[in-house]
Student: 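Attaching a single structure in structure tokens format; questions to follow.
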Amino acid sequence: MADEPKGAPQGRDYRETLFLPDTPFPMKAGLAQREPERLNYWAEIGLYARLREAARKRPKAVFHDGPPYANGPIHIGHAENKILKDLVVRTRQMAGFDCDYVPGWDCHGLPIEWKVEEDFRKAGRKKSEVPAVEFRRACREYADKWIPLQREEFKRLGIEGDWDNYYTTMSFEAEAAIAAEFLRVVRTGLVYRGSKPVMWSPVERTSLAEAEVEYQEKTSPTIWVKFPIKAVRSALNQGHGVTRGLEYADASVVIWTTTPWTIPGNRAISFSPSIQYGVYEVESIEQGLAFEPWVKPGDKLALADKLAEDVMRTAKAASWKRVSDFDGEGVVCAHPFSGKGYDFDVPLLAGDHVTDDAGTGFVHTAPGHGADDFVIWTKHFGQEGIPFTVDEEGRFTKEAPGFEGLEILQLDGKNIGKDGPANKAVMDALIEAGALLARGQLKHSYPHSWRSKAPLIFRNTPQWFIAVDKPYAVGGGRTLRQVALAEIDRVDWGQKRTGDQTGYNRIKGMIEDRPDWLVSRQRAWGVPLPIFVSKADGSILQDDDVDARIVAAMKAGGADAWWATDAQEFLGAKHKAADYEKVEDILDVWFDSGSTHAFVVGNPEAPTRESFRNPVTTIYLEGSDQHRGWFHSSLLESCATRGRAPYDEVVTHGFTMDEEGKKMSKSIGNVIEPQAIAKNNGIEILRLLIAGAEYGDDLRLGKTMLDQSTEMYRKLRNTLRYLLGSLKGFEESERVDVKSMPLLERWLMHRLWELDRTVRDAYTTYQFRAALSAIVEFCNVDLSAFYVDVRKDALYCDAPSSERRRACRTALDEVFSRLTAWLAPILPFTAEETWLTRFPDDVSVHLRLFPETPAAWEDDFAGEEVARLREARSVVTGALEVARREKLIGAALEARPRVWVADESLRASLQAIDFAELCITSGIDIEAGEGPADAFRLPEVAGVAVKVEKAPGIKCARSWKYFDPATALPGFPDITPRDAQAVMEWDAAR
RNA sequence: AGGCCCGUAGCUCAGCUGGUUAGAGCACACGCUUGAUAAGCGUGGGGUCGACAGUUCGAAUCUGUCCGGGCCUACCA
């Protein structure tokens, strides 16, 4: 070629003189293979440390990781959670904050305890035979085994953070800190000992969690019991002047139950205000029975109207009459065993749990033996007056006079788990007292232990609580509930940044309704309640020196120190171990995670941590289930100890469902593993999908969405690739000032300016979807389908010196700068690949900030002008499409349209620029007027009509534009003058 | 069973305080290009706005009921 003369003869191949996109950046990403390589690169350059260093002087945005449970491989829910967190952290960091991410793990709790127990059992050892310290060590080892595995899986998701210095709730430091936090709550005076019925297995002598319970068929006795009415209080006392209730003076309220042994524990009867009741008098009993029924003519019984007939028939009454209405309000009964140690009032209490589906419409209420019973009792009387009638082996205690020592279940022998003597003894006593109306048997579903298969009972046990309705000093004399509610108003749950009230309503409702916090558990794997209780008066020992010794011991030896150390050592010289009960319970694991703020991030109000120099905001992000979980416990813990929520902003996400919106489950087989996505698609496909989802709702994940996300990825990748190719060799000297740019470039810069605001706003309010869709739409609609399409000619064919081409490349450089930054949080791998392809000497795209966009780029005129031009253009492209269908043309460059424009100002706009260039045609004629009737028009664009004609002249061998050969420059007969200019420049540069 | 929430084209989503023929991107079909080419451009089909009832001159947008789905409901992390 070099030998050929300048101004080559016809037939010269001009292809090499073009500036076609050129880049080593491959179209095919190979994500699955390259992502791990990129992770290695970041590890090599120490990206995390560099990020911290770069942000050292910036204002802090504190992101606190809610610790996942250290158990099992991660699933898609973890992936969504961690990826969203990563998006928050990366966008905050690039927006100019110092946003650190310290991942953590939650380690204590039942799942691990169960697993370890099972392992011991497989090895032939029962939990009760394993020393506590050995058992706990095994739990620790179990968690320790999973943490590194999960950590590697999380890292594979592209989560940037301090993976070498993660926190756990089981480190000695954490265990000591959690214990210290509890002691701090104790000092507020909010901790008290109360009681609560729990699922209890007498056979195993242990309480059970709901998940350890299974329901089986069981045949139980059923009894109908009369409670004689003693008094009617409310009406008389409230002075309505109505002597209501005289008609029920000699009546009895009838209850029905399947657990006769709970009768000694009865303290109330529940009724429903929305059920109709009446007093019924027995007139006659059935004759000819083999036995004498307990019911007698003249008996007056209060019953739900709907159930009265059933009860009467069961009791073998032959006829009866309704004497009066019955209103339970204020009614007080006597206990059937009154006179035998049960001489208390049995009040009637209104409760929503009462139905008239079965029984009598009145519910026997033994607050120590049922969840509903407990709730309604404590609602009226608090923790007072709840008896402990049954011990841990299911035997009546002395609080059940007359039955002491009798067992509910047989505890050993052949009939272990079968009914013991308790039920029969109670029924006999009821008969003797004349209180039994009828009895029978019922087969029903009843809770059993999933281990021993033995029946369970509800049993009242002493427990530790944190009071939510008691004023305390840290709360400034308010109650914990009041402080928490005030903090809920202060915190942004989304209601402030997006107007979405969901999270706010949810947490508020929960705090408004919740009872006292039950913090004690009769378990092994956790942090103890490190307290001593005075045997003399039941008070908790509060001594700073003792507390300090406890915390110090735990720092040195972990929570085990509580059990391993002699009580006297903690108590020191001032107190005698014999005077105190050392509490052996462990803390609710929610207290653990509720305390993480204290030892992971601290907060400005934390007395134990140095305040951050320049705190901005503390962010929590978790699934919406954490309104009941971590958000909740952290709020209460922090409000109790510091009078303040530990966070300022809370972000929540929904759950990951399958394609149909159904829960993913192994048994259905609709589970998608993040590991599989990483391996098959590349994790960025998932990251892109999550960034584009409305994460507050549930996320549907299936093949369709992954395909769609892949497609979106390809589009973005190709856009980046094209930018790289077009910017090859771009130098600062080529840069053009915005003011001297052509309209099209001024418009593009204006779009960048607009996008900058959209993206920043979206990122600061964590609306990743809004940012991403704005970016994608820009890439598709503005860049690819319009700007680049139009500018290809200039980009490929103009001489390097061309002002137009320089302006174009300047604008594209700014596009590149922003797209790589804006996409970096979402596509960290691809953004890095793109950035380093262009700037191989730079370290990482992730060390950048979102580029500032000069205010001078705002150009409303260009924005509106180009919008009008594009409208007019759409009529031309529409017309070209028709011409194509009619085979008049193929490529648009084969056309030279005639355009009639009625509006003078629009016509002026079209004439002010090269409209042919915009339409990618070889020339265009713009004329005034409405145009001929057969011209092409679009209904939505008034006053523009187009007729397509074939472009005259010859086809330029270089730019493929049709032109008049008479205008060709000497020596270049087959190309346009513009191309001739470019070729001469190209030739000269060789 | 209760509390909170979701339900707009095949998919992901816009549609503000109710107001003309309900929009975008992707997917799909067809066409163009072959100098972003396992790419790019254009055109087109596709929605009883979960169902029903109500308020209103007028509802995807307000109210109620129902259906489907999700999370939570105190020893579950």
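It should be emphasised that the depicted structure is a prediction, and the values quoted were computed from it without experimental measurement.
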Student: Students often get this wrong, so: under 4.0 angstrom with heavy atoms, is A/D588 touching a base, only sugar-phosphate, or nothing?
Tutor: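 Result for A/D588 = nothing.
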Student: Any side-chain N or O of A/R714 less than 4.0 Å from the OP1 or OP2 oxygen of B/rG40?
Tutor: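 It does not, given that no N or O in the side chain of A/R714 lies less than 4.0 Å from OP1 or OP2 of B/rG40.
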Student: Of the nucleotides B/rA36, B/rG42, B/rG35, which one has an atom closest to the side chain of A/Y722?
Tutor: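 The nucleotide sitting nearest to the side chain is B/rA36.
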Student: What about A/Q522: does its side chain form a donor-acceptor pair under 3.5 Å with the base of B/rC75?
Tutor: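 Yes.
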Student: Please check the phosphate of B/rC32 (OP1 and OP2 only) for any side-chain N or O of A/K887 closer than 4.0 Å.
Tutor: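 For B/rC32, OP1/OP2 do have a side-chain N/O of A/K887 under 4.0 Å.
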Student: Checking all strands, does A/K28 fall into the base, sugar-phosphate, or nothing category for heavy-atom contacts under 4.0 angstrom?
Tutor: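 Answer is nothing: A/K28 stays at 4.0 Å or more from every strand.
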Student: Would you call the rings of A/H627 and A/F631 parallel, tilted or perpendicular, where under 30° means parallel and over 60° means perpendicular?
Tutor: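 Because their plane-to-plane angle is over 60°, the rings of A/H627 and A/F631 count as perpendicular.
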Student: Would you indicate which nucleotide in B/rC6, B/rC11, B/rA74 comes nearest to any side-chain atom of A/D697?
Tutor: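 Of the candidates, B/rC6 comes closest.
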Student: Strictly below 4.0 Å: does A/K792 bring a side-chain N or O up to OP1 or OP2 of B/rG40?
Tutor: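 It does not, given that no N or O in the side chain of A/K792 lies less than 4.0 Å from OP1 or OP2 of B/rG40.
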Student: Taking the minimum atom-to-atom distance to the side chain of A/E711, which one of B/rA27, B/rG42, B/rG70 wins?
Tutor: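 In terms of side-chain proximity for A/E711, the closest of B/rA27, B/rG42, B/rG70 is B/rA27.
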Student: Return whichever of A/E777 or A/L18 has its heavy-atom-nearest nucleotide of RNA chain B closer to the 5' end.
Tutor: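 The 5'-side residue here is A/E777.
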Student: Would a 4.5 Å heavy-atom cut-off, applied to side chains only, mark A/V941 and A/S874 as touching?
Tutor: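 Heavy-atom side-chain distance check passes, below 4.5 Å.
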Student: Taking the side chain of A/Y796 as heavy atoms from C-beta outward, which of B/rG35, B/rC6, B/rC32 is closest to it?
Tutor: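 Closest of the options to the side chain of A/Y796: B/rG35.
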Student: Would you say B/rG35 has OP1 or OP2 under 4.0 Å from some side-chain N or O of A/R15?
Tutor: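 Yes, within the criterion.
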Student: Can you see whether A/D65 engages A/Y620 through a side-chain donor-acceptor pair at a distance of less than 3.5 angstrom?
Tutor: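 Short answer, no.
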Student: Report yes if a side-chain nitrogen or oxygen of A/K715 is closer than 4.0 Å to either non-bridging phosphate oxygen (OP1 or OP2) of B/rC41; otherwise report no.
Tutor: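 So the side-chain polar atoms of A/K715 do come within 4.0 Å of the phosphate oxygens OP1 or OP2 of B/rC41, strictly under.
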Student: Which part of the nucleic acid, if any, lies within contact of A/R514, taking any heavy atom under 4.0 Å across all strands shown: a base, the sugar-phosphate backbone alone, or nothing?
Tutor: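 No contact.
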Student: Which nucleotide in the set B/rG70, B/rC5, B/rA36 lies at the smallest distance from any side-chain heavy atom of A/P21?
Tutor: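 Nearest to the side-chain atoms of A/P21, counting from C-beta on, is B/rA36.
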Student: Hey, which sits more toward the 5' end of RNA chain B by its nearest nucleotide, A/S959 or A/R885?
Tutor: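 Counting from the 5' end, the first nearest nucleotide belongs to A/S959.
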Student: Have a look at A/W960 and say if it touches a base, only the backbone sugar-phosphate, or nothing, with a 4.0 Å heavy-atom cut-off.
Tutor: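 If one applies the 4.0 Å heavy-atom cut-off, A/W960 turns out to touch a base.
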Student: Kindly say whether, by distance alone, the side chain of A/R506 makes a donor-acceptor pair under 3.5 Å with the base of B/rC5?
Tutor: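 No.
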Student: Can you identify which nucleotide, out of B/rU12, B/rU37, B/rG70, has its nearest atom closest to the A/Q708 side chain?
Tutor: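 The answer is B/rU12, which lies nearest to the side chain.
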Student: If you check every side-chain atom of A/T502, which of B/rC75, B/rC5, B/rC72 has the closest atom?
Tutor: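 Selected nucleotide (nearest to the side chain): B/rC5.
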Student: Report yes if some heavy atom in the side chain of A/F465 is under 4.5 Å from a heavy atom in the side chain of A/P515; otherwise report no.
Tutor: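 Answer no - side chains too far apart.
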Student: As a test of understanding, state which of A/H108, A/R521, A/R523 forms a side chain to side chain donor-acceptor pair (under 3.5 Å) with A/D588.
Tutor: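 Per the side chain to side chain donor-acceptor pair (under 3.5 Å) rule, the option paired with A/D588 is A/R521, out of A/H108, A/R521, A/R523.
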Student: Per the atom types in the model, does the base of B/rA36 pair as donor or acceptor with the side chain of A/S784 at under 3.5 Å?
Tutor: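 Result: at least one qualifying N/O pair found.
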